[in-house]
Amino acid sequence: MVSRHSPRQGGRPRPYRYSCAPAIIPLMPKRWIVRETCPPDFVLTMPDAHPAVPQLLWNRGIKTPEDAARFFEPSFEEGIHDPFVFTQMRTAVERLLTALSTGEKIVVFGDYDADGITGSTVLMTTLREIEGKMGSWERETGNAGSRSRFQVPSSNISSYIPHRDKEGYGLQMASVAQLADEGAKVIVTVDCGIACVNEIAEARRRGVDVVVVDHHQFGETLPDAVLIHPGIPGEAYPFKSLAAVGVAWKLASALLAEARSRALDIPESYEKWLLDLVAIATVTDIVPLVGENRVLEHYGLKVLNRSRRPGLAALFERAGLTRGDIKERDVGFAIGPRLNAAGRMDHASVALRLLLAETEEEALDLSHRLETLNRMRQAATQEMMVQAERMLLEASENARLHVLWHEAWSPALVGLVAGKIADRYGMPAVAIGKHGSHWIGSGRSYPAYDITAAVQRVGDGLLTRSGGHVQACGFALADDGHVPVFAERLQQDAGERLTDADLGPTLDVDVELPLEDVSWPLTDTIGRFAPYGCGNPEPTFVSRGLHVVSSGTVGQDGRHLRFVAKSSLGTAQKFIAFNHGKRIADAPVGGSVDVVYTVGVNEWNGRKEIQCKVVDFHAA
């Protein structure tokens with residue numbers, strides 16, 4: 001759907017006029033897709049497992065008992081690859097250690113999202129640790145090379161994060177010139193840079209070397225820099241799906257290893273204490289939690305729950321999290337949004353400073369600012385969604401992609417709007433806002449439609465910048481008249497490439513399960529599938545033809561639905577459907593329902609019971 005903005009004379013899009021009353025758009029029913037049954041031969045390899053377990057493993061690409069053992073027991077020693085397998089890692093390490101030893105200025109240039117912020121923190125922390133130990137070593141040995149530099153409290157390592165609206169994504173010519181004029185000799189880009197070919201060429205022309213730490217898509221031409229990117233052509237590193245913070249951690253690990261080999265006093269476990277940061281962005285950047293990422297997240301959550309960072313301790317308190325009980329869901333819904341709120345509503349440096357804070361007083365002050373920004377972000381996003389829903393009331397029933405724009409929308413928040421629309425309608429969505437004279441957009445999609453490639457296909461002569469992943473993109477348009485043209489082209493592209501079978505909200509279901517199989521052994525086994533995320537979602541089950549024996553609402557204003565249902569064999573089970581209180585009529589006592597649910601544990605008042613949490617349900 002192209003939003004119904006009629007261009008004014010001269011091609012300027014007319015802003016959509018809306019009422020402040022919330023739009024009422026019915027939620028589209030989801031189409032349930034139950035995964036195909038795994039081969040019987042695979043089931044026979046696990047004779048002692050719960051009947052559902054082989055299917056759950058097969059659905060996640062685990063097809064041998066050996067793979068299953070590695071999945072259930074992630075090994076740091078066996079599951080983490082040597083960072084020096086990266087083709088250009090040795091070059092990056094040598095350049096950075098040379099800069100540290102000779103007192104050259106290093107700038108860590110990070111993106112403004114949680115991945116760039118945490119990745120920048122990983123490298124800032126590591127470089128400063130080595131810098132300090134290098135200075136101590138020089139003082140102890142009497143090495144005269146640059147001893148005096150380390151005797152002063154200042155550091156030659158600094159950070160730079162561009163303003164999301166004023167500067168935009170990645171290196172810009174202006175920032176390159178500024179950093180070069182300020183004496184930078186090495187720029188390390190984090191979560192950006194792989195597409196900044198011209199900007200990096202300008203940096204090299206000015207005598208500045210660049211190390212690119214990235215995982216994003218790249219163009220036909222790669223920049224003239226030291227590239228630490230698992231996906232570039234010819235790269236030997238075997239795991240291709242690291243988040244940028246994971247790539248930054250690899251560089252940090254290599255730096256620390258080389259520093260130890262040069263007799264610097266770096267503790268053997270130092271890099272493991274950086275995994276709290278890796279755990280955050282591996283979830284927030286929605287990279288697959290499989291392979292090495294699963295190992296990093298498994299151990300990263302352990303470190304996160306024991307983190308020594310004053311900034312994280314203050315953030316936990318503001319978010320109402322309990323140290324020792326923080327899980328990946330808390331990262332995705334409490335920690336990540338707060339870190340991202342800084343760049344969306346003010347400047348990402350607020351979040352970076354929080355993670356780098358060394359005192360409790362500084363951390364408390366910054367966490368308060370971050371909490372305020374997060375609440376502002378929530379309110380602003382809600383207002384934008386009201387406007388978006390008004391526009392969607394006019395959508396074509398034949399739409400295969402939604403494009404919405406409004407000159408009052410904050411470019412920092414359009415990605416959130418696009419994501420909500422894509423989830424609701426089960427189709428790609430793009431939202432575009434305006435900053436100054438530029439229109440800045442963000443898109444969200446699904447594996448069936450590479451939104452970044454689509455934007456680049458249709459953007460010839462219109463785009464000033466673009467980049468992203470298969471399922472998320474960002475771009476900029478410089479002219480008012482380009483917006484409706486871009487929207488029409490993108491809608492046409494989606495219409496040609498997507499079929500009806502690709503569209504509509506769907507719900508993947510792991511396995512059809514008799515209610516009699518919901519048991520404590522199943523619950524205990526499911527817990528071993530965590531941490532959950534992209535590529536390893538929380539297991540879902542469907543039970544059909546259940547007879548509702550009691551039903552009611554709970555929570556404030558009857559927000560949640562709770563019912564008890566029995567199978568045909570008489571097994572009864574409690575179900576809780578959060579935020580489905582208004583659907584009580586769909587689960588009437590005496591009626592029959594099919595239910596998709598997850599299985600977990602509910603602890604209350606010292607008691608534990610199996611909790612079946614409803615994902616979706618409808619009449620049998």
Side-chain angles (χ1 to χ4, degrees), residues 60 68-83 114-115 117-119 121-123 125-126 129 239 241-250 252-253 256-257 266-317 319-336 338-339 354-357 363 523-539 600-601 603:
R60 285 152 182 77
R70 283 189 288 269
F71 179 83
F72 284 131
E73 300 294 337
S75 169
F76 191 88
E77 289 71 24
E78 296 179 7
I80 300 296
H81 302 295
D82 183 347
D115 201 13
I117 293 164
T118 53
T121 305
V122 165
L123 289 177
T125 303
T126 300
E129 175 71 12
F239 187 72
S241 299
L242 291 169
V245 71
V247 184
W249 184 76
K250 288 293 176 179
S253 298
L256 293 164
I266 306 291
E268 288 296 326
S269 61
Y270 189 91
E271 49 266 58
K272 291 184 179 180
W273 283 104
L274 299 171
L275 287 174
D276 53 353
L277 300 166
V278 179
I280 293 173
T282 298
V283 168
T284 62
D285 223 52
I286 319 180
V287 293
L289 284 185
V290 299
E292 190 171 16
N293 280 340
R294 178 171 171 81
V295 180
L296 290 172
E297 191 64 27
H298 176 83
Y299 288 96
L301 286 171
K302 294 179 183 295
V303 177
L304 187 66
N305 278 284
R306 300 170 58 196
S307 180
R308 304 167 178 172
R309 301 179 198 280
L312 283 179
L315 191 153
F316 297 161
E317 183 177 353
L321 301 178
T322 302
R323 190 191 298 264
D325 193 37
I326 298 171
K327 297 179 173 61
E328 66 276 11
R329 181 178 178 83
D330 301 309
V331 173
F333 288 93
I335 297 173
R338 284 170 169 80
L339 294 177
L354 175 70
L355 296 181
L356 291 171
T523 304
D524 294 340
T525 301
I526 288 174
R528 300 178 64 197
F529 277 79
Y532 306 125
C534 176
N536 180 37
E538 185 173 4
V601 179
E603 297 186 35

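Residues take their numbers from the sequence shown, with the count starting at 1. Every value quoted in this text rests on a predicted model; they were computed, and no experiment measured them.
Pairing each heavy atom of Ala281 with each of Thr118, the nearest pair is CB-OG1, 3.3 Å. Between Leu301 and Pro531, the closest heavy-atom pair is CD1-CB, 3.9 Å. Contact record, Asp115 with Ala244: OD2-N, 3.0 Å, taken as the closest heavy-atom pair. Between Val331 and Ala279, the shortest heavy-atom contact is CG1-O, 4.0 Å. For the pair Ala248 and Gly119, the tightest heavy-atom approach, listed with the atom from each and the gap, is CB-O, 3.7 Å. Considering every non-hydrogen atom in both Gly246 and Val278, the closest pair reads CA-CG1, 4.5 Å.
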Report task. Determine, step by step, whether Glu297 and Val283 satisfy the side-chain contact (heavy atoms from CB on, under 4.5 Å) criterion, reporting the C-alpha distance in whole Å, the side-chain angles of both residues, the deciding distance to 0.1 Å, and the verdict. Result -> CA-CA 8 Å; Glu297 191 64 27; Val283 168; 3.3 Å; yes

**Report entry** Pair Ile326-Ile335, side-chain contact (heavy atoms from CB on, under 4.5 Å): steps then yes or no
**Finding:** CA-CA 10 Å; Ile326 298 171; Ile335 297 173; 4.3 Å; yes

Query raised in the report: side-chain contact (heavy atoms from CB on, under 4.5 Å) between Leu275 and Phe76: does it pass, once the steps are laid out?
Result: CA-CA 12 Å; Leu275 287 174; Phe76 191 88; 3.8 Å; yes

Query raised in the report: Step by step, would you call Arg306 with Trp273 a side-chain contact (heavy atoms from CB on, under 4.5 Å)?
Result: CA-CA 9 Å; Arg306 300 170 58 196; Trp273 283 104; 4.1 Å; yes

**Report entry** Criterion salt bridge (Lys or Arg N to Asp or Glu O under 4.0 Å) on Arg323 and Asp325, from CA distance to verdict
**Finding:** CA-CA 6 Å; Arg323 190 191 298 264; Asp325 193 37; over 6 Å; no

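In this structure, the side chains of Phe239 and Asn293 come closer than 4.5 Å at one or more pairs of heavy atoms. When side chains are defined from C-beta on, Trp249 does not count as touching Pro83, because their heavy atoms never get closer than 4.5 Å. For the pair Arg294 and Pro288, the minimum side-chain heavy-atom distance is 4.5 Å or more. Using a 4.5 Å heavy-atom cutoff, the side chains of Leu242 and Val287 are not in contact. Using a 4.5 Å heavy-atom threshold, the side chains of Val245 and Ile280 count as separate. Taking 4.5 Å as the limit, some side-chain heavy atom of Leu355 sits within range of a side-chain heavy atom of Leu312. Between Asn536 and Glu328, the closest side-chain pair of non-hydrogen atoms is not below 4.5 Å.
One distance of note links CG of Leu289 with CG of Leu296; it measures 10.0 Å at 0.5 Å rounding. How far CD1 of Ile80 is from CD of Glu271: 11.0 Å, rounded to the nearest 0.5 Å. In this structure, CG on Leu356 lies 4.5 Å from OG1 on Thr121, to the nearest 0.5 angstrom. To the nearest 0.5 Å, atoms CG (Leu277) and CD1 (Ile117) are separated by 11.0 Å. Rounding to the nearest 0.5 angstrom, the gap separating the OG atom in Ser307 from the CG atom in Leu274 is 10.0 Å. How far CD of Glu129 is from CG of Leu256: 7.5 Å, rounded to the nearest 0.5 Å.
Looking at Arg60, its side chain does come within 3.5 Å of a backbone N or O of Pro537 through a donor-acceptor pair. A donor-acceptor distance shorter than 3.5 angstrom exists from the side chain of Lys250 to the backbone of His81, with no hydrogens or angles considered.
Checking each of Asn305, Thr322, Leu304 against Phe316 for a side chain to side chain contact (heavy atoms under 4.5 Å, CB included) leaves exactly one that passes, namely Leu304.
Partners of Glu538 according to the salt bridge (Lys or Arg N to Asp or Glu O under 4.0 Å) rule, which considers only residues two or more places apart in sequence or in another chain, do not exist here.
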